[in-house]
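As a basis for the values below, the full set of heavy atoms in this structure was taken, side chains included, without hydrogen atoms, waters or symmetry mates. All residue numbers in this chain count up from 1 along the given sequence.
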Amino acid sequence: MTRRPRRYTEDFRRQMIDLVRSGRTPEELSREFDPSAQAIRNWVAAAGVEDGGGDDWTEGERRELREAKQKIRRLEEEMEILKKAAVWFAQEAGRTDRR
């Protein structure tokens with residue numbers, strides 16, 4: 001005998017979506033309430049599309065964004081190194097002027 005999927009009210013789904021958006025994970029909500037974590041994730045994704053906040057990026061755009069973020073992190077690290085080097089060279093120049 002197969003188990004029929006349980007129907008949840010729209011109000012219950014909206015509450016789950018709000019809880020996820022407030023920081024709770026679908027897994028902990030699944031343990032506390034009845035629906036599966038995947039069902040809750042599906043509700044959140046569907047609500048995002050309905051609210052206009054859906055993720056309609058192509059895979060190429062996602063990859064480009066990921067690469068851009070990596071490049072930004074690398075450039076920020078390089079900038080920090082250069083700042084430290086500039087301070088060091090300025091200190092060294094000050095020491096040679098005093099000699």
If we only count heavy atoms from C-beta on, is the [X] to [Y] side-chain gap below 4.5 Å?
X: Thr9; Y: Arg13; value: no
X: Phe12; Y: Trp43; value: yes
X: Val20; Y: Thr25; value: no

Pairwise distance [atom1]([X]) to [atom2]([Y]) - rounded to 0.5 angstrom:
X: Leu82; Y: Phe89; atom1: CG; atom2: CZ; value: 10.0 Å
X: Ser30; Y: Met16; atom1: OG; atom2: CE; value: 10.0 Å
X: Leu29; Y: Asp34; atom1: CG; atom2: CG; value: 12.5 Å
X: Glu77; Y: Ile81; atom1: CD; atom2: CD1; value: 7.0 Å

Using a strict 4.0 Å threshold on nitrogen-to-oxygen distance, state whether [X] and [Y] make a salt bridge.
X: Arg41; Y: Glu27; answer: yes
X: Arg74; Y: Glu78; answer: yes
X: Arg73; Y: Glu76; answer: no
X: Glu80; Y: Lys83; answer: yes

Is the number of heavy atoms from other residues, nucleotides or ligands within 6.0 Å of CD (Glu28) greater than 12?
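Yes.
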Worked verdict on Ile17 versus Arg14 for side-chain contact (heavy atoms from CB on, under 4.5 Å):
CA-CA 5 Å; Ile17 292 165; Arg14 177 56 55 189; 4.0 Å; yes
If you take all heavy atoms of Pro26 and Ile40, which pair is closest and at what distance?
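Closest heavy-atom pair between Pro26 and Ile40: O-CD1, 3.8 Å.
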Backbone N/O of Glu64 and side chain of Glu67: donor-acceptor pair under 3.5 Å
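No; zero donor-acceptor contacts below 3.5 Å.
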